[in-house]
> 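Pasting in a structure now, in structure tokens, and then I'll have a few things to ask.
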Amino acid sequence: MFAAAIFPMAAAGISNTWFSYVDQHAILSALLRSEATSAADKIESFLDSIQLTLGSTIS
């Protein structure tokens, strides 16, 4: 009787933990992808401004 009550509760807890982990991993991946894109855009903008400054200095 004890095993019949504990096994389903343990299985539910394990599955909830797994699905929570998968959801958190997906959310974190999306956040990191967004931050990486933002950083790349800032770097590109910085390099473009340097290129413009050097281009006008050399010309």
> What do the steps show when you test Asp48 against Glu44 for side chain to side chain contact (heavy atoms under 4.5 Å, CB included), and what is the final call?
CA-CA 6 Å; Asp48 287 344; Glu44 184 179 18; 3.9 Å; yes
> Is Leu52 reachable from Leu47 through a run of hydrophobic residues whose side-chain heavy atoms are each under 4.5 Å from the next?
no
> Is the backbone of Asp41 close enough, under 3.5 Å, to the side chain of Ser45 for a donor and an acceptor to pair up by distance?
no
> If you round to the nearest 0.5 Å, how far is OG of Ser56 from CD of Gln51?
11.0 Å
> Quick one: hydrophobic cluster around Val22, which other residues, with the 4.5 Å side-chain cut-off, linked directly or via members?
Trp18, Phe19, Tyr21
> NZ/Lys42 to OG1/Thr37 distance, rounded to the nearest 0.5 angstrom?
12.0 Å
> Without swapping roles, check the side chain of Thr57 against the backbone of Thr53 for a donor-acceptor pair under 3.5 Å.
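Yes: the side chain of Thr57 pairs with the backbone of Thr53.
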> With a 3.5 Å distance limit and no angle check, can you tell me whether Ser34 reaches the backbone of Ala30 through a side-chain donor-acceptor pair?
no
> Work out which heavy atom in Ala5 is nearest to a heavy atom in Pro8; give both atom names and the distance.
O-CD, 3.6 Å
